[in-house]
Amino acid sequence: MPELPEVETVRAGLERFVVGRVVAEARVLHPRAVRRDPAGPPGFAAAMAGRRFQRAERRGKYLWLALDDAPAGPGQQGGQALLAHLGMSGQMLVGEPGRPLSPHVRARFTFADGGPDLRFTDQRTFGHLMCVPLAGAVPAPIAHIAPDPLEPAFDPGAFAARLLRRRTEVKRALLDQSLISGIGNIYADEALWRARLHWARPAGGLTSGEVSRLLEAVHDVLTEALKAGGTSFDSLYVNVNGESGYFERSLRAYGRAGQPCGRCATPIRRDAFMNRSSYSCPRCQPRPGGAH
DNA sequence: CGACTCTCCTGGGTGC
DNA sequence: TGCACCCAGGAGAGTC
């Protein structure tokens, strides 16, 4: 599942392979891919034609390509962007225009230079694209998304203060993109394992030392995963695999039910939480209240 | 503002 | 072999 490190890898690939180029034609192959765009497939395609991708940016799991002014002139102050969320299985693939169209391509962009095209591919169709106004630094529809831990705007003190006010489990808080962005189920479990915190610990009950440990773990796991995933493109192929890429072999908790904890060798346990799985070490991450 | 629930979607895997 | 079912989720909308 693409979380911050995978999305950042895609962003860097888009920066390298499509920024500076002018869209010749955008074609929506599955209407669901632009379901959140009020203009619908025809409006989306019309808005993209003839536009130049100026920059590739990201916040949390969202990425966007800033567009030059529409041919009709400046739309709104701050311009527009092509905003993308990869969902669970979204990929941005760049390649020779003549290659076969895979069945999961949801949108295709060709370029005025006749070079490699861009294909938004998404098996499970949870991802989406939309053409949106930029409101200051970020696209308007994601103004409510909090800064992610790897961007300068991230304020550890403000995050800690808000976290401690939450009356909910610490993992639920980590997954709340309006509190801290970029973290999904995989890196939440990995960060909690590193910080030796159980996912069900009440956020408001954490000590300041535990919050610091957690933030450091979040930062480290994202940075290390990014380092591993960031080496995965060296050709005309921008890739996010639905798995967590090269970092998958480095996972210490996620998906490792029954396998020994890397610190204490106790078998990793799997629990159901928020309609998904949570993995933790029964010894290193004691359940709140003392029960195992 | 925050906590909660519901919904969207596909394909791989499993059990009968 | 075929079918019903479960599971993997992220995030927005709606309610309280």
Side-chain angles (χ1 to χ4, degrees), chain A residues 1-8 10-11 28-38 40-41 58-64 83-92 102-107 120-130 132 138-149 158-192 199-206 218 222 225 240-245 248 251 253-258 270-279:
Chain A
M1 278 56 69
E3 301 180 25
L4 186 155
E6 292 79 16
V7 178
E8 172 57 22
V10 173
R11 188 209 61 79
V28 177
L29 289 86
H30 194 305
R32 191 173 149 75
V34 295
R35 65 191 176 282
R36 300 197 51 75
D37 193 317
R58 181 189 58 74
R59 166 165 281 188
K61 304 176 206 172
Y62 280 94
L63 65 84
W64 63 94
L83 178 64
H85 193 292
L86 301 175
M88 293 177 64
S89 55
Q91 296 173 289
M92 294 287 191
S102 96
H104 301 310
V105 177
R106 307 307 184 194
F120 174 61
T121 302
D122 187 13
Q123 179 195 107
R124 296 183 199 177
T125 71
F126 267 48
H128 60 93
L129 307 176
M130 57 195 308
V132 300
V138 300
I142 65 164
H144 65 291
I145 300 291
D148 66 60
F159 166 75
R162 289 186 66 199
L163 178 69
L164 291 171
R165 281 198 296 271
R166 289 290 172 103
R167 293 289 168 266
T168 185
E169 304 91 342
V170 62
K171 181 168 176 182
R172 193 185 295 274
L174 281 183
L175 295 174
D176 183 343
Q177 306 297 301
S178 68
L179 183 61
I180 183 171
S181 68
I183 304 169
N185 201 39
I186 296 173
Y187 295 113
D189 278 4
E190 291 301 303
L192 289 166
W199 52 264
R201 288 284 302 278
L206 298 177
V218 162
L222 294 177
V240 154
N241 20 37
E243 324 307 313
S244 53
E248 196 173 355
L251 296 178
Y254 184 84
R256 290 179 46 85
R270 173 186 178 275
D271 298 301
F273 175 61
M274 293 175 75
N275 290 321
R276 64 201 67 179
S277 297
S278 281
Y279 300 89

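In what follows, chains carry the letters A, B, and so on, assigned in the order in which the sequence lines appear, proteins first and then strands, with residues in each chain numbered from 1. Since the model is a prediction, treat every value here as computed from it, not as a measurement.
Two residues, A:Thr125 and A:Arg162, neighbour DNA chain B, and the one matched to the more 5' nucleotide by heavy-atom proximity is A:Arg162. A residue-by-residue look at A:Arg36 and A:Glu3 shows that A:Glu3 has its nearest nucleotide of DNA chain C further toward the 5' end. Both A:Asn275 and A:Ser178 lie close to DNA chain B; mapped to their nearest nucleotides by heavy-atom distance, the more 5′-ward contact belongs to A:Ser178.
A:Asp189 has its CG atom 15 Å from the C1' atom of C:dG10, to the nearest Å. Atom CE in A:Met88 sits about 14 Å away from atom C1' in B:dT7, given to the nearest Å. In this entry the distance linking CZ of A:Arg165 with P of B:dA3 reads 11 Å, nearest Å. When rounded to the nearest whole Å, the span between CG of A:Asn185 and P of C:dC7 equals 14 Å. A:Phe126 has its CZ atom 5 Å from the C1' atom of B:dC8, to the nearest Å. Atom CD in A:Gln177 sits about 15 Å away from atom P in C:dA13, given to the nearest Å. Atom CZ in A:Arg276 sits about 5 Å away from atom P in C:dG10, given to the nearest Å. Rounded to whole Å, atom C1' of C:dG12 lies 17 Å from atom CG of A:Leu179.
The side chain of A:Ser277 places no N or O atom within less than 4.0 Å of a non-bridging phosphate oxygen (OP1 or OP2) of C:dC7. Within the structure, a side-chain polar atom (N or O) of A:Tyr62 is placed less than 4.0 Å from OP1 or OP2 of C:dG12. Note on A:Tyr254: a side-chain N or O is less than 4.0 Å away from OP1 or OP2 of C:dG9.
Not a single donor-acceptor pair under 3.5 Å links the side chain of A:Glu190 to the backbone N or O of A:Leu251. The closest donor-acceptor contact from the side chain of A:Ser277 to the backbone of A:Arg270 lies at 3.5 Å or more, if one exists at all. At least one donor-acceptor pair under 3.5 Å links the side chain of A:Glu3 to the backbone N or O of A:Tyr187.
Within the 4.0 angstrom heavy-atom criterion, only backbone atoms of the sugar-phosphate kind lie near A:Arg166; the bases stay farther away. Residue-level contact check: A:Gly184 touches the backbone only, with heavy atoms under 4.0 Å from sugar-phosphate atoms and none from bases. A:His128 comes within contact range of no nucleotide atom at all, as no heavy-atom separation falls under 4.0 Å.
Nearest to the side chain of A:Thr168, among B:dA3, C:dG10, C:dG12, sits B:dA3. Of the candidates B:dA3, C:dA8, C:dG12, C:dG12 carries the atom nearest the A:His144 side chain, counting heavy atoms from C-beta on. If you check B:dC4, B:dG11, C:dA11 against the side chain of A:His104, the one that comes closest is B:dG11. Here the side chain of A:Arg270 is nearest to one of C:dC7, B:dC4, C:dG10, namely C:dC7.
For A:Arg124 against C:dA8, a side-chain N or O and a base N or O form a donor-acceptor pair under 3.5 Å.
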task: Begin with the C-alpha distance, continue with both residues' side-chain angles, and end with the deciding distance and a verdict on salt bridge (charged side-chain N to carboxylate O under 4.0 Å, His left out) for A:Arg32 and A:Asp122.
output: CA-CA 11 Å; A:Arg32 191 173 149 75; A:Asp122 187 13; over 6 Å; no
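Ion pair A:Asp148/A:Lys61 not flagged as a salt bridge, since none of the NZ, NE, NH1 or NH2 atoms sits closer than 4.0 Å to an Asp/Glu carboxylate oxygen.
Aromatic ring orientation, A:His85 versus A:His128: parallel (interplanar angle below 30°, classes split at 30° and 60°).
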